[in-house]
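Convention: sequence-line order gives letters A, B, ...; per-chain numbering from 1.
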Amino acid sequence: MKIGYPCVNETLDCSAARTFRLASYSPERLIETVASNLACLRRILEWNVAHGLLFFRMGSDIVPFGSHEVNTFPWQTHFKSEFRALGEFIKQNGMRISFHPDQFVVLNSPDPAIVRRSVNELVYQGSMLDLMELDSTAKLQIHAGGAYGDKGLALARWVETFHQLLPAAVKARLVVENDDRLYSLRECLSLYDETGVPILFDNFHHECLNHGEPMRLALRLAAATWHPQRDGVLMMDYSSQAPNERRGKHTDTLVPALFEQFLDDLAGLDVDMMFEIKDKEASAVAAAQLLRARGLLAPAPAGYVPPTFVPATLDAAGKRVAPNSKTRKPAAAPAAKASPRAVASKQSSPKPPQ
DNA sequence: CGTTGTCAAGCGGCG
DNA sequence: CGCCGCTTGACAACG
């Protein structure tokens, strides 16, 4: 099992998602920004390896306007060696990588222009994996899309688009995730039947939308759609309901009791698990320790010291402050302003209640 | 130098 | 019918 977190590392003081306004586009600006994003990405991956987190979702904005017409700069060749070096690091350390193109990627839209832009975005994100020379176990994760008043028709359009418009390089990497409102595991399975696309399983979405399949069974149905050689082991997103919040909202931090309960349903199935939890790497690290205690995860890397860092701080109003709020000059770092209060709920109840 | 409105792109659902 | 959430962060204009 490999575990990880999506896109953003809140501990490091860099961002791999720097961007700029479309109106400010220039080749120079693009080069400068991509170079900065790739450098940060390298630091994040190194941090992850040092903490035993070998699954990572890269953000969609590594190359700003990566699939926009304005961007005619040949970034693929310009940054070829940088991408390849990242890929080398990833392979040397046995990491698993994914992308999750955002909500604008809708393969089943009735609007051909939307579908065309969606395909272009998938080509852009897939080409980064190609440039890193990663095999087809590195994935592009999307949802089935909209319903448009007729889910049956919408699913048929998805299948049609898959067969007719996706390049082979994208097809080999594409996986579809069950969502929490429209397309359940069952409907994703129908897409698998028609296209062979593996299902990226989201446990929380399945709790929100299902047809009575117990979690343990659902996991196995999804896992069976992953061809071991071509696709690798099942990728999944893990989260749980935020207490006292809108149904479907992710929790702010890992809830150990619920996670342990989930592990019972996992019952030894090998998966790579992405923690879609607001405090990012903090929960992934917490989960890693819990999993190691159960013998489900490889021992921590040599020299690894369990974290004492605070995942985030709260300002006077109780609002979270990310430590990586990017300022152009770290000049005169405001000496850790007044006892940054820890996220209290994070530290309490270290032992998993039964 | 800190604050805040706004940013390429799409959906459905809620108030 | 407008706004929000989605993985929710960063730019850039303004004071």
Handout entry: Distance in angstrom units between A:Tyr5 OH and C:dT7 P, rounded
Key = 18 Å

Exercise for the section: Could you check which nucleotide pairs with C:dC4 in any of the strands shown, counting Watson-Crick or G-U wobble with both distances under 3.5 Å? Expected result: B:dG12

Fill in the blank from the handout: A:Leu12 CG to C:dA10 C1', in whole Å, measures 17 Å

Problem - Least distance between heavy atoms, A:Ile3 atom then A:Ala284 atom - result: CD1-O, 3.4 Å

Completion exercise
Taking C:dT7, C:dA10, B:dC11 as options, the one with an atom nearest any side-chain atom of A:Ile114 is B:dC11

Handout entry: A:Arg21 side chain, from C-beta outward: closest of C:dA12, B:dC11, B:dG10
Key = C:dA12

Practice task
Could you tell me whether A:Arg294 and A:Glu260 make a salt bridge, using a distance below 4.0 angstrom between a side-chain N and a carboxylate O?
Solution key: yes

Practice task
Select base, sugar-phosphate, or nothing to describe what A:Ser118 touches, counting heavy atoms under 4.0 Å on all strands.
Solution key: nothing

Problem - NZ/NE/NH1/NH2 to OD/OE distance under 4.0 Å, A:Glu32 and A:Arg18 - result: yes

Exercise for the section: Go through B:dC11, C:dG9, B:dA9 for me and flag the one nearest to the A:Tyr148 side chain. Expected result: B:dC11

Practice task
Quickly work out the A:Leu122 CG to B:dA9 P distance and round it to whole Å.
Solution key: 18 Å

Fill in the blank from the handout: Of C:dC11, B:dA8, B:dG12, the nucleotide closest to the side chain of A:Ala147 is B:dG12

Handout entry: Selection from B:dG12, C:dT7, B:dA8 that lies nearest to any side-chain heavy atom of A:Leu182
Key = B:dG12

Practice task
Scan A:Asp111 against the nucleic acid and name what it touches under 4.0 Å (heavy atoms): base, sugar-phosphate only, or nothing.
Solution key: nothing

Handout entry: Test of ring centre spacing under 6.0 Å for A:Tyr5 and A:Phe275
Key = no

Fill in the blank from the handout: Rounded to whole Å, the CG-P distance (A:Asp102 to C:dG5) equals 17 Å

Exercise for the section: Consider the side chain of A:Glu121, meaning its heavy atoms from C-beta on, and name the nucleotide among C:dA12, B:dA9, B:dG12 that approaches it most closely. Expected result: B:dA9

